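Because the structure is a prediction, the values reported are computed rather than measured. Just so it is clear: chains get the letters A, B, ... in the order the sequence lines come, proteins before strands, and each one is counted from 1.
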2 protein chains.
Amino acid sequence: MARTTGSDGEKTEAAVREAAVNLIARLGYEAMSMRQLAAEVGVQAAALYRYFPTKEDLLFTLMREHMEGLQQAWSMARPAATDPVGRLAAYVENHIAFHIERRHATHVSNMELRSLSHERLTQILKMRTAYEKELRMILRDGAEAGVFEIDDTGLTAMALIQMMTGVIVWFRPGERLSVAEVTASYLSMTMRLVGATISHGTARPTRRAGDVVAL
Amino acid sequence: MARTTGSDGEKTEAAVREAAVNLIARLGYEAMSMRQLAAEVGVQAAALYRYFPTKEDLLFTLMREHMEGLQQAWSMARPAATDPVGRLAAYVENHIAFHIERRHATHVSNMELRSLSHERLTQILKMRTAYEKELRMILRDGAEAGVFEIDDTGLTAMALIQMMTGVIVWFRPGERLSVAEVTASYLSMTMRLVGATISHGTARPTRRAGDVVAL
DNA sequence: GAATTAATTGAACGTTCGTTTTATTAATTG
DNA sequence: CAATTAATAAAACGAACGTTCAATTAATTC
């Protein structure tokens with residue numbers, strides 16, 4: 001046999017991407033074979049090589065596009081306003097919404113980094129760092145303006161990102177909590193964690209000793 | 001050749017375990033071959049099968065003993081006192097110390113779960129759930145006593161654990177921050193996140209409106 | 001409707017994998 | 001010091017892997 005009736009390169013490539021994200025998320029990159037992926041798409045393994053020259057190219061493409069999507073989502077959600085509380089809230093909301101919506105792709109991008117070549121790993125990490133830097137800037141601005149109370153900006157940014165991204169580990173759509181409820185809770189935890197005050201911008205944080213523990 | 005001079009079963013098995021944790025953490029379970037592991041130990045691949053009947057048995061043993069170690073560490077660090085703030089502080093300190101000290105083993109236990117059979121996966125997850133339940137109990141007790149302010153106990157416990165465990169992703173001993181500094185920061189962030197008040201036990205949380213944002 | 005291009009199959013290649021078997025030597029026991 | 005046990009090496013097994021190549025058919029172009 002050869003070309004099948006109704007076959008279409010664009011559709012096949014899209015099907016390969018989707019099946020690959022799901023399979024890699026479920027089995028892991030190393031554990032997923034090209035034959036398995038092909039079977040999921042309904043095609044022979046050799047056909048995959050028309051769209052991706054190697055298995056690693058496929059992985060890299062999925063990761064790069066995921067990271068580009070994350071940056072783009074944030075660039076569209078980023079508020080024009082400059083007050084740190086509003087910017088932080090937008091960051092948290094966007095991060096959680098994006099990661100819940102793309103759980104599988106996030107799983108792949110976070111767990112399969114070691115299967116990339118050194119050069120490609122660097123490239124993905126650069127994109128990730130750029131995205132995380134946005135959060136550090138918000139935290140730094142807020143701390144300088146006196147609306148946040150933060151020990152260490154870098155450490156706090158990492159803690160927040162781990163906390164937020166961790167949502168994909170346990171959250172399942174349609175169970176006990178809705179996306180809105182989860183987002184609201186994480187927003188509230190985030191604001192408490194950074195010691196956000198209601199006062200915007202100029203006021204000093206007038207926390208009275210003994211109100212909130214800071215060991 | 002056959003048995004080598006100075007060979008000792010106990011020492012070889014210990015060497016296999018240690019090399020396996022490091023190799024799996026670095027390469028991933030699927031990507032590590034038994035021949036690679038054997039070479040790291042300085043032995044032929046067939047020799048490994050004297051100590052572990054299959055590759056998966058090796059992985060499972062590493063994970064089970066890691067989880068047992070975690071539970072044991074907590075059972076020894078658990079304070080006799082009943083006040084939630086002290087118990088939470090002990091939980092955080094123990095969790096971070098343990099995970100920083102056993103970064104590689106934690107990596108393995110968290111990332112390679114999908115390579116276990118269903119039965120063994122269940123067994124490991126049961127141990128993990130039991131450990132996490134301790135945190136949920138502390139949070140619930142604190143919320144009921146009025147010393148914590150928590151939306152959802154389960155969600156908060158997951159957020160805290162993800163945040164704390166995430167330390168192994170970016171922390172490297174001997175760099176900018178010491179273990180003590182990291183622990184202190186995480187403790188402070190945790191207490192703010194759960195809205196801990198200084199008052200122990202009976203007092204109601206007398207937070208004044210506008211002091212801490214809770215969106 | 002012939003020529004060209006797009007999409008895929010089926011078979012094969014060499015390599016590596018986890019694992020088993022058998023033989024061999026070191027250490028221990030009586 | 002002979003007999004036994006412990007610990008390994010060496011070689012081989014079939015299966016599965018990523019990938020390549022040639023052949024073949026569907027769709028498109030002129």
Side-chain angles (χ1 to χ4, degrees), chain A residues 1-24 26-63 108 112 114-117 120, chain B residues 1-24 26-63 108 112 114-120:
Chain A
M1 307 248 169
R3 179 166 190 171
T4 55
T5 67
S7 61
D8 177 339
E10 276 191 40
K11 286 182 185 172
T12 303
E13 179 169 352
V16 170
R17 285 165 194 259
E18 190 187 334
V21 166
N22 293 331
L23 271 184
I24 296 176
R26 178 146 45 97
L27 311 173
Y29 169 77
E30 296 281 355
M32 178 201 75
S33 75
M34 295 299 269
R35 287 173 176 83
Q36 224 172 337
L37 172 57
E40 192 81 10
V41 177
V43 97
Q44 289 297 315
L48 302 175
Y49 289 83
R50 160 166 266 265
Y51 306 101
F52 301 97
T54 70
K55 190 184 179 188
E56 197 211 313
D57 276 280
L58 169 57
L59 176 64
F60 177 65
T61 300
L62 296 178
M63 287 185 170
V108 172
E112 309 294 350
R114 57 188 162 203
S115 294
L116 292 178
S117 70
R120 288 174 160 176
Chain B
M1 307 248 168
R3 180 169 189 170
T4 56
T5 69
S7 61
D8 178 340
E10 278 192 37
K11 287 181 184 172
T12 302
E13 179 168 352
V16 170
R17 285 166 194 260
E18 191 188 333
V21 167
N22 293 330
L23 272 185
I24 295 175
R26 180 147 44 96
L27 311 173
Y29 169 77
E30 295 280 355
M32 178 201 73
S33 75
M34 295 300 268
R35 287 171 176 86
Q36 223 173 338
L37 173 58
E40 191 82 7
V41 177
V43 95
Q44 289 297 317
L48 301 175
Y49 288 84
R50 161 166 266 266
Y51 307 101
F52 301 97
T54 68
K55 191 184 179 188
E56 196 210 312
D57 277 280
L58 169 57
L59 176 64
F60 177 65
T61 300
L62 297 177
M63 286 184 171
V108 173
E112 308 294 350
R114 56 187 162 203
S115 295
L116 293 178
S117 69
H118 180 73
E119 187 192 350
R120 287 175 159 175

Distance from [X] atom [atom1] to [Y] atom [atom2], nearest 0.5 Å?
| X | Y | atom1 | atom2 | answer |
| --- | --- | --- | --- | --- |
| T61(A) | E56(A) | OG1 | CD | 10.0 Å |
| Y49(A) | Q44(A) | OH | CD | 13.0 Å |
| Y29(B) | K55(B) | OH | NZ | 5.0 Å |

Discussion item. Could you spell out the base pairing of DNA chain C as a dot-bracket line? Use Watson-Crick and G-U wobble contacts where both distances are under 3.5 Å, [ ] for crossing pairs, | for partners on a different strand.
Written reply: ||||||||||||||||||||||||||||||

For the pair made of [atom1] in [X] and [atom2] in [N], what is the distance, rounded to whole Å?
| X | N | atom1 | atom2 | result |
| --- | --- | --- | --- | --- |
| R50(A) | dT9(C) | CZ | C1' | 13 Å |
| D8(B) | dT8(D) | CG | P | 8 Å |
| Q44(B) | dA12(D) | CD | P | 14 Å |
| E10(B) | dT5(D) | CD | P | 19 Å |
| D57(A) | dG18(D) | CG | P | 14 Å |
| K55(A) | dC17(D) | NZ | P | 9 Å |
| R3(B) | dT8(D) | CZ | C1' | 8 Å |
| L48(A) | dT20(D) | CG | P | 13 Å |

Worksheet item: Taking for each residue the nucleotide of DNA chain D with the nearest heavy atom, is it T4(B) or A31(A) whose nucleotide lies nearer the 5' end?
Response: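 Nearer the 5' end of the strand: T4(B).
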
Of the nucleotides [options], which has the atom closest to the [X] side chain?
| X | options | answer |
| --- | --- | --- |
| A46(B) | dG18(C), dA9(D), dA7(C) | dA9(D) |
| T5(A) | dA27(D), dA27(C), dA23(D) | dA27(D) |
| T54(B) | dA27(D), dT8(C), dT19(C) | dT19(C) |
| S33(B) | dT8(D), dG18(C), dA6(C) | dG18(C) |
| V43(B) | dT25(D), dT20(D), dA9(D) | dA9(D) |

Item to complete: State whether the side chain of K11(A) and the backbone N or O of G6(A) hold a donor-acceptor pair below 3.5 Å, judged by distance alone.
Response: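 A pair under 3.5 Å: no.
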
Worksheet entry | Residue whose nearest DNA chain C nucleotide is more 5′ - A45(A) or R35(A) |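 Comparing both residues, the 5'-ward one is A45(A).
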
Practice prompt. Determine whether T54(B) and M34(B) make a side-chain contact, defined as any pair of heavy atoms from C-beta on separated by less than 4.5 Å.
Written response: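 No. Closest side-chain heavy atoms not under 4.5 Å.
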
Discussion item. Do L37(A) and L58(A) have side chains that approach each other closer than 4.5 Å (heavy atoms only, starting at C-beta)?
Written reply: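 The answer is yes, as the side chains (C-beta and beyond) meet within the 4.5 Å cut-off.
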
Practice prompt. Kindly check if the number of other-residue, nucleotide or ligand heavy atoms within 6.0 Å of CD (E18(A)) is above 12?
Written response: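 Atom CD in E18(A) is not packed in, count stays at 12 or less.
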
Fill in: Phosphate OP1/OP2 of dT8(C): any Y51(A) side-chain N/O under 4.0 Å
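It does, given that an N or O in the side chain of Y51(A) lies less than 4.0 Å from OP1 or OP2 of dT8(C).
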
Fill in: dT8(C) phosphate, OP1 or OP2, under 4.0 Å from T12(A) side-chain N/O
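Yes, T12(A) has a side-chain N/O under 4.0 Å of OP1/OP2 on dT8(C).
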
